[in-house]
Amino acid sequence: MPKDSTRQAYRDRFKCGFDQAREIFDPCLSNALEKLASDQAMDDFLQGANLLCMMGQGVEPVLIYLEEGPDTAALVGEAMIGDLAHYAYKLATSTNAPAVVPFLQSMLSVSRRLESRDAMQAFLDLGLELMRETTPSIHGHHAIHPSPVLDRFFETAPRVLAWLNLAGLANWARFGARVHANDPDALKAYFGLDSADSRTVLQRERHGTLLADNERRLGYYLQALWASDEPLVPYPTLEAETPQRPYFDEHGLRVPDLFDDHGSIPGIDRYRALLAHMMAHRQWSGTIVADNYSPMQRLAMEVFEDARVEYLAMARYPGLRQLFLALHPRVEADACDPARQSCVNHRLMMLSYALLDPGGHGYEDTVIDEFVARFHEHMTEGNSRTRDAAEQGVAFMARTRRPSDAFAEVWFPSERVEFRDDNRHLWRFIEEGDEEELFDLGANADAEEPRPEAGLPPRLYPEWDSAAERHRPDWVSVFDSLQPAGHAGQVDRLLDRHRGLVRQLEQVVELLRPQHRERIRYQEEGAELDLDVAVRSIIDLRSGVEPDPRVNFGHRHAERDVSVSLLLDLSASVAERPAGSSQTVLELSREAVTVLAQAVDTAGDPLAIAGFDSNTRHEVRYRHIKGFDEPWGRDVKARLAAMEAGLSTRLGAALRHAGHFLSHRRNQKKLLLVLTDGEPHDVDVKDPKWLRADARQAVVELEGEGIFAWCINLDPKADEYVADIFGHRYTIIDHVERLPEVLPRLFVQLTG
């Protein structure tokens with residue numbers, strides 16, 4: 001631990017004048033002293049911080065460098081700490097200053113993938129090469145505009161390095177820079193991973209077997225061995241945080257678009273094993289009524305049914321046995337600790353491998369041996385059915401059940417049985433709800449509730465399980481619909497009522513418009529002559545070269561770079577009248593949104609408006625009232641006039657869905673305003689803390705995507721829970737009748 005005098009000496013050498021930087025310097029200094037062992041590295045760290053402070057790019061580069069620079073250097077070598085600052089300074093003193101922040105933000109993630117200074121230096125050299133190739137210049141020498149893609153390259157690099165090595169990244173980047181050299185829009189789409197050729201080159205640079213290259217061979221395999229001509233439908237493996245499982249339905253066989261080699265087994269054989277398993281299910285599996293069994297019983301039944309159809313497939317094609325065994329992971333018998341973990345998955349993985357290899361599995365477990373022997377004895381008798389696998393699964397779970405099976409911490413295998421599908425074809429559901437979510441609807445149990453409007457299929461979202469501290473994947477169904485229209489004249493009358501407030505807000509919003517002008521060069525027609533270009537054109541003309549006719553320049557006003565999404569709670573409670581008010585919360589919300597929309601229309605900011613309510617996790621209804629690019633006109637006003645109160649408030653799912661649309665906006669600032677009158681609740685959740693924790697997790701996820709969420713709460717008691725969800729980003733309106741005035745003014749504060 002360095003002496004106080006040494007720490008004070010470091011503080012004295014930090015010459016940065018930004019208050020934010022000085023506030024965080026002490027904890028960052030402690031981190032640097034822990035991660036950087038040499039005095040030279042500490043000197044480079046301080047010199048780099050001072051250099052970034054002086055380069056005129058604001059405080060953000062300094063904060064990133066102080067917080068993440070030492071961690072980056074600890075991963076790839078202490079000498080890198082100074083290189084980062086000098087590289088950022090090189091960008092800042094060129095026309096590519098906008099790339100400084102993305103560069104510094106990406107370095108820690110990139111260093112985790114490269115793990116050496118040589119590799120990092122090669123990466124930095126690649127960035128400089130890309131900067132030279134894509135920065136517009138005059139006669140190849142004098143840069144005039146920043147590179148349209150350098151910032152995107154740094155933002156995307158950590159994701160690309162998750163799929164490619166450094167050589168693959170270089171090939172991918174050089175291909176895009178070369179092919180789209182004369183098309184800035186195509187360059188942006190390529191380096192943002194938004195274009196088909198970008199994803200194609202990524203796949204090409206990956207090592208493995210592409211389905212696209214082998215679809216015909218695999219089609220012949222299906223026809224020859226299984227007499228099937230079902231189409232193969234690929235799903236992407238690049239961007240999935242949680243690997244998707246294969247499955248089949250009436251539209252075809254859903255399989256990964258790429259398989260890497262598995263040890264000595266090539267990717268094409270992994271495809272063959274997967275297709276053999278799926279076709280075995282196609283030919284020999286029946287269906288089971290899922291409502292009659294618990295989730296654990298269903299897991300065991302799937303293991304026995306998988307083993308049953310594989311037994312039949314291996315009997316027909318004995319060569320599959322060696323392939324299945326090589327691809328099936330063998331877990332160790334002591335891999336799970338039943339004293340602190342739920343070991344259901346562990347037992348089933350052991351059972352699965354033992355069923356596939358009865359003579360050589362090596363597990364010393366008498367119960368597993370008993371069920372393996374019973375299974376193979378039954379299979380040799382012939383005429384096996386899916387019903388038999390169901391009975392064996394129920395019996396196995398009854399024999400092996402333990403109290404620890406209910407533990408919150410669940411053991412999951414590091415590898416899954418990759419050649420098996422997700423078995424959705426086995427199950428038939430009769431009742432609307434599963435047994436783990438039974439609840440009492442009381443007097444409303446027989447009431448006829450409105451169902452989601454016909455149209456788009458639901459979008460599935462995870463929900464945070466606070467007890468298990470993990471997501472429940474694909475847990476909530478969100479249905480999109482367009483809000484039905486009412487009478488636009490009602491909204492026009494509201495604008496007339498608040499004419500004075502609207503006029504004041506329009507004047508304030510007008511002041512928010514950027515006042516400075518940007519010069520646009522290289523115009524054939526413009527306000528003034530660009531002397532530099534005119535002189536070069538005269539020189540070209542006298543040299544016998546066709547001159548550039550774009551010798552003028554013009555001006556344009558800079559634009560605000562913000563998108564706003566307004567999410568309205570339309571649960572049943574908004575139909576109530578607050579104490580002392582003559583209007584319902586819904587009526588006041590309509591007035592507030594009307595005034596806000598008029599003000600935002602004056603500012604010219606993209607605004608989306610939507611409302612939501614819910615009826616259990618199976619039915620979250622999301623009603624679109626205004627789209628980002630839709631003008632504020634009679635159609636939107638008519639939908640706003642027709643808003644109605646619904647049922648419950650499953651806030652987390654609505655936040656994720658609103659964030660899904662907002663995340664696709666290219667604006668620098670993305671603001672999500674949530675207007676609600678209470679805490680999250682739904683009829684299938686008895687513990688209000690469950691949905692509160694899920695909403696808090698949704699807000700954290702939005703922050704990770706660069707979306708700023710702010711809550712306007714109309715509940716006087718909201719202090720008890722709103723900070724738990726939104727942190728300090730909330731406003732409580734005690735007097736609800738002031739909502740039409742407060743909401744637009746809050747928008748001005750948050751976007752000004």
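As the structure is a prediction and not an experimental result, all values here were calculated from the model.
- Using cut-offs of 30° and 60° for the angle between ring planes, the H624 and F661 rings count as perpendicular.
- The shortest non-hydrogen separation linking S94 to M131 is OG-SD, 4.2 Å.
- Atom CD1 of I712 sits about 11.5 Å away from atom CZ of F747, to the nearest 0.5 Å.
- For D465, the salt bridge (charged side-chain N to carboxylate O under 4.0 Å, His left out) criterion is met by R472, not counting sequence neighbours.
- The side chain to side chain donor-acceptor pair (under 3.5 Å) search around T731 returns W710, not counting sequence neighbours.
- Taking D26 as the reference, R11 meet the salt bridge (charged side-chain N to carboxylate O under 4.0 Å, His left out) condition, with sequence neighbours excluded.
- A donor-acceptor contact shorter than 3.5 Å is absent between the side chain of R650 and the backbone of D682.
- Inspection of the E68 and Q105 side chains reveals no N or O donor paired with an N or O acceptor under 3.5 Å.
- A donor-acceptor contact shorter than 3.5 Å is absent between the side chain of R459 and the backbone of V478.
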**Request:** Check step by step if side chain to side chain contact (heavy atoms under 4.5 Å, CB included) holds for N713 and Y721.
**Result:** CA-CA 11 Å; N713 202 302; Y721 57 84; 3.5 Å; yes
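- Aromatic rings from F612 and Y622 are positioned such that their centres are separated by 6.0 Å or more.
- Side-chain contact between L647 and R621 is present, with heavy atoms from C-beta onward closer than 4.5 Å.
- Of the inter-residue distances, the one linking L494 atom CG with T594 atom OG1 reads 5.0 Å to the nearest 0.5 angstrom.
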